[in-house]
> 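Submitted below is the structure of interest, expressed as structure tokens.
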Amino acid sequence: MSRDHVQPAERAEAGVPLSGPEAPFLELLARGASADAYEQPVLLARAEGRPAAVVKALEHAKLLALRVRAELEGRRRREAELSALFETAHDLAGLRDLDAVLQAIVQRARSLLGTDVAYLSLNDPERGDTYMRVTEGSVAARFQQLRLGMGEGLGGLVAQTARPYVTDDYFKDARFQHTNAIDAGVHDEGLVAILGVPLMLGHHVIGVLFAADRRARVFEREQIALLGSFAALAAAAIDTANLLTETRSALADLERANEIIRDRSGVIERASDVHDRLAELVLRGGGVHDVAAAVSEVLDGTVEFTEPATVPAAALEASRGEGHAVRHADDWIAAVTAGGELLGALVLRGHPGLDPVDQRTLERAAMVTSLLLLARRSAAEAEQRVRGELLDDLLDARDRDPRLLRERAARLHADLDATHVVLAARLDRGIADAARHGGATTGLDGVTGAPARVDGATVHATHVDGATAADQEAGARRRLWSAASHLAATRHGLAAARDGGTVLLLPLPDGDTATELARRTARDLGTAVHEAVTVGASAPVRDLAARPDSVAAAYAEGRRCLDALRLLGRSGDGAAAEDFGFLGLLLAGDRDIAGFVDRTIGEVVAYDERRGTDLVHTLDAYFTCGMSPARTKDALHVHVNTVAQRLERVGRLLGDDWQSPARTLEIQLALRLHKLTARR
């Protein structure tokens with residue numbers, strides 16, 4: 001047999017390319033092309049001027065291919081329909097949620113019939129009508145809430161006659177009764193073509209399953225039969241669900257009685273368990289986190305002790321006011337209070353379904369937590385007072401027996417024979433607030449409303465509530481003292497509140513410097529109180545028990561370093577005298593600072609005091625502005641000639657060489673020292 005007489009299928013199997021008029025159409029069928037694509041081979045042949053016989057053969061092959069394509073599409077559609085019916089039947093076999101099964105039926109019916117909307121209504125025997133139960137693709141609220149009387153609308157007609165009905169144009173169909181309410185709902189939804197089939201249980205209609213389009217459409221016989229199959233499945237689902245409901249109701253009644261018995265028994269067991277666990281914790285000195293861990297185990301959840309600031313304020317206040325745990329989202333919050341003071345909260349995470357017994361357990365744990373916190377606070381305050389009293393005695397340089405001082409320190413785990421550094425720490429709230437609020441501050445002498453000097457500029461305070469400001473300041477100082485006391489206890493040192501700030505006596509680790517210790521302390525205290533803390537450190541001191549007067553001298557040196565840091569704008573930093581170069585030599589020990597200032601700029605200071613001028617301030621601004629008269633006049637808000645006249649007067653007072661490099665260094669140091677001594 002020659003190659004030309006081999007059939008197309010045989011040629012394809014043999015690997016021979018197809019060349020007849022059917023070839024392009026077989027390729028289109030193979031790749032599942034759209035119906036429009038089948039016109040392309042014919043159009044191409046005509047465009048190429050192929051013989052009429054070839055074009056006719058292609059036309060014939062096209063018709064055959066389209067017929068095969070339609071047959072294949074029909075088979076695929078029937079396979080999809082059977083698959084959907086099988087999946088729906090499978091859902092019924094494992095029926096757990098009637099609404100979910102009915103929704104699946106409506107969704108699959110809409111998808112397979114290719115309609116805009118599908119919906120299902122159920123009959124209401126008590127009211128004698130039918131109502132919407134499930135919709136898919138609906139957008140109109142009024143349509144979703146429709147109720148149809150028997151015989152009203154297409155659905156009412158199906159429910160009344162137990163027969164399928166279809167309409168190509170709802171509003172033009174007079175076979176059923178139109179009502180204003182039903183027509184308005186259908187109009188809102190924009191429906192035109194509607195198909196309805198009854199839901200049957202035996203010989204009784206229990207509802208109607210619908211498929212509808214928002215355009216005119218003729219529903220085929222196969223589509224009506226398919227929707228009827230879905231309706232039969234839906235009726236079976238409803239009947240099964242009703243039987244399950246009755247069975248579950250009977251079982252629920254039996255289980256409820258058993259639950260009451262089990263619940264009472266569980267209450268007694270849990271209450272006993274919680275009581276034993278919390279009592280054991282208190283007796284062996286457990287902490288708040290031990291309580292949280294124990295309650296977490298009992299409640300089978302995560303319980304945390306948190307600070308008040310990290311808990312939603314409304315829920316925390318509700319728990320505090322009611323004295324009970326309250327729910328917030330998926331959490332439960334129990335305020336930890338003592339004597340009206342809010343100490344924190346116990347939070348049960350991700351446990352919304354808390355029964356009353358477990359709620360009382362959480363509340364009891366909050367009460368135990370408050371007792372532990374009060375006990376811990378009392379012990380900590382007692383230790384802090386003892387540490388503060390010992391440091392006060394050393395600072396006041398009272399005559400003390402070195403042996404007794406060592407014994408007192410040893411009881412606090414401190415060693416007075418080790419090398420120590422005295423650190424002066426202070427919050428810089430006043431200056432920071434002035435810069436932040438545009439000048440509102442309290443004077444450095446503590447008088448509200450008095451002008452204060454901030455980095456060389458006069459700042460006038462606005463009137464504020466003095467009591468509130470004082471309370472805030474006192475609270476900030478207490479937090480600083482508490483943080484410093486904790487730091488001293490953990491590092492085997494001492495701490496005391498003094499001069500509006502805090503003084504610490506800390507051992508100097510081997511290989512460490514006073515500067516490094518000061519900076520680390522400033523950072524640790526700032527982190528603890530959430531504010532900038534400035535720390536000035538003394539040089540290392542030794543033999544404190546034998547020479548208690550050295551502590552007072554070292555504290556004075558640390559305060560001078562603290563004031564220097566604040567003057568230089570280094571708030572929140574830590575430093576010792578060794579960090580300030582020549583200025584440090586003046587700060588350390590008993591240096592003649594006043595004499596140096598007087599020798600360097602005394603004439604200018606005296607001139608300002610006699611004449612009421614502001615030459616010192618002008619001189620300071622001149623150096624701050626890089627010795628530029630133009631920038632100086634902007635900083636002082638005066639005319640440049642005024643700056644020139646003032647600098648000329650300074651030159652006559654200080655001498656012609658006052659702007660030489662050596663003299664300018666001394667003058668700038670003297671100006672800073674003058675400001676430093678003026679602020680003490």
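Starting from 1, each residue takes its place in the sequence as its number.
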> Are I238 and I206 side-chain neighbours, meaning at least one heavy-atom pair lies under 4.5 Å?
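I238 reaches I206 side chain to side chain.
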> Hey, mind stepping through W332 and L362 against side chain to side chain contact (heavy atoms under 4.5 Å, CB included) and telling me if it holds?
CA-CA 9 Å; W332 282 84; L362 185 62; 3.9 Å; yes
> Measure across A159 and M150 and return the closest heavy-atom pair with its distance rounded to 0.1 Å.
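Smallest heavy-atom distance, with atoms named: CB-SD, 3.9 Å.
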> Might you point out which heavy atoms bring R214 and L191 nearest each other, and give the distance in Å?
CG-CD2, 4.1 Å
> Report the C-alpha distance between R221 and F219 in whole Å, list the side-chain angles of each, state the deciding distance to 0.1 Å, and finish with yes or no for side chain to side chain contact (heavy atoms under 4.5 Å, CB included).
CA-CA 7 Å; R221 184 184 303 275; F219 287 96; over 6 Å; no
> Give a yes-or-no answer on whether the side chains of T135 and Q144 include a donor-acceptor pair shorter than 3.5 Å.
no
> So R175 and T167, do their side chains get closer than 4.5 Å, heavy atoms only?
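With C-beta onward as the side chain, the pair touches.
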> Does the side chain of N123 pick up a donor-acceptor pair with the side chain of T130 at under 3.5 Å?
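The criterion, which ignores hydrogens and geometry beyond distance, is satisfied for T130 and N123.
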> Using the side chain to side chain contact (heavy atoms under 4.5 Å, CB included) rule, take M132 and Q145 through it: C-alpha gap first, then chi angles, then the decisive distance, then the call.
CA-CA 6 Å; M132 289 290 185; Q145 299 170 4; over 6 Å; no
> Closest heavy-atom contact between A212 and Y119?
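Shortest heavy-atom separation between A212 and Y119 comes out as CB-CE2, 4.2 Å.
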> Tell me whether E516 is salt-bridged to R519, with the criterion being a basic N under 4.0 Å from an acidic carboxylate O.
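So E516 does not pair with R519 through a salt bridge.
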> Quick check: F176 with Y170 (ring centres under 6.0 Å apart)?
yes
> Using 4.0 Å as the upper bound for N to carboxylate O, is an ion pair formed by E189 and R142?
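E189 and R142: not salt-bridged.
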> Hey, is the main chain of H324 close enough, under 3.5 Å, to the side chain of S319 for a donor-acceptor pair?
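Checked: pair present.
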> Is there a side-chain contact between L209 and F230 in this structure, where contact means two heavy atoms from C-beta onward sitting under 4.5 Å apart?
yes
> Please confirm whether the backbone N or O of T306 pairs with a side-chain atom of T310, one donor and one acceptor, at under 3.5 Å?
no
> Within the supplied structure, the quantity of interest is the number of heavy atoms (other residues, nucleotides, ligands) at a distance under 6.0 Å from D99 CG; does it exceed 12?
yes
> Rounded at 0.5 Å granularity, tell me how far CD in E152 sits from CG in D183.
10.5 Å
> Mind checking the CZ-CG spacing from R108 to L227? Nearest 0.5 Å is all I need.
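R108 atom CZ to L227 atom CG measures 14.5 Å (nearest 0.5 Å).
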> So how far is it from R133 CZ to L122 CG, rounded to the nearest 0.5 Å?
5.5 Å
> Using modelled atom types only, decide if a donor and an acceptor are shared between the side chain of E363 and the backbone of A325 within a distance under 3.5 Å.
yes
> Please step through side chain to side chain contact (heavy atoms under 4.5 Å, CB included) for the pair L148 and I182, ending with a clear verdict.
CA-CA 7 Å; L148 295 77; I182 299 174; 3.9 Å; yes
> Any non-hydrogen side-chain atom of H328 less than 4.5 Å from a side-chain atom of V347?
no
> Does R50 CZ have over 12 foreign heavy atoms under 6.0 Å away?
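Atom CZ in R50 is not packed in, count stays at 12 or less.
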> Is it the case that the side chain of T115 and the backbone of S111 share a donor-acceptor pair, with hydrogens and angles ignored and the cut-off at 3.5 Å?
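Side chain of T115 to backbone of S111, a donor-acceptor pair under 3.5 Å: no, none is there.
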> Search all heavy atoms of P164 against all heavy atoms of V197 and return the closest pair with its distance.
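Nearest pair, atom of P164 first, then V197: CB-CG1, 3.9 Å.
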> For the atom pair OH (Y131) and OG (S121), what is the distance rounded to the nearest 0.5 Å?
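Taking OH in Y131 and OG in S121, the distance rounds to 9.0 Å.
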> Answer whether the closest heavy-atom distance between the side chains of E136 and V134 falls below 4.5 Å.
no
> Please round to the nearest 0.5 Å and tell me the distance separating atom CG of L113 and atom CD of Q223.
5.0 Å
> Looking only at non-hydrogen atoms, find the nearest pair between G185 and L146 and report the distance.
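Shortest heavy-atom contact: CA-CD1, 4.3 Å.
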> Would you call the rings of F171 and H178 parallel, tilted or perpendicular, taking 30° and 60° as the class edges?
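Taking H178 first and then F171, their aromatic rings lie parallel (interplane angle under 30°).
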> State, yes or no, whether a side-chain contact exists between R320 and L342 at a heavy-atom distance under 4.5 Å.
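R320 vs L342: side chains touch.
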> Under 3.5 Å, is there a donor-acceptor pair linking the side chains of T302 and S296?
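Per modelled atom types, T302 and S296 side chains form no pair under 3.5 Å.
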> So, for A366 and A334, which heavy atoms are closest and what is the spacing to 0.1 Å?
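Smallest heavy-atom distance, with atoms named: CB-CB, 4.0 Å.
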> Please confirm whether the backbone N or O of A329 pairs with a side-chain atom of R327, one donor and one acceptor, at under 3.5 Å?
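Pair found, side chain donor or acceptor close to backbone of A329.
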> Does T240 use its side chain to pair, donor to acceptor, with the backbone of A236 at less than 3.5 Å?
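Yes.
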> Could you give me the CA-CA distance, side-chain angles and deciding distance for E59 and R46, then say whether salt bridge (charged side-chain N to carboxylate O under 4.0 Å, His left out) is met?
CA-CA 11 Å; E59 286 279 3; R46 288 174 178 168; 2.8 Å; yes
> Measuring only between side-chain heavy atoms, which start at C-beta, is K56 closer than 4.5 Å to V54?
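No, side chains not in contact.
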> Would you give the length of the straight line joining atom CE of M200 to atom CG of D239, rounded to the nearest 0.5 angstrom?
13.0 Å
> Does this structure show an ion pair linking R110 with D116, if we count only N-O contacts that are shorter than 4.0 Å?
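Looking at D116 together with R110, the answer is no, because their closest N to O distance does not fall below 4.0 Å.
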> Is the shortest side-chain heavy-atom distance between V192 and R215 below 4.5 Å?
no
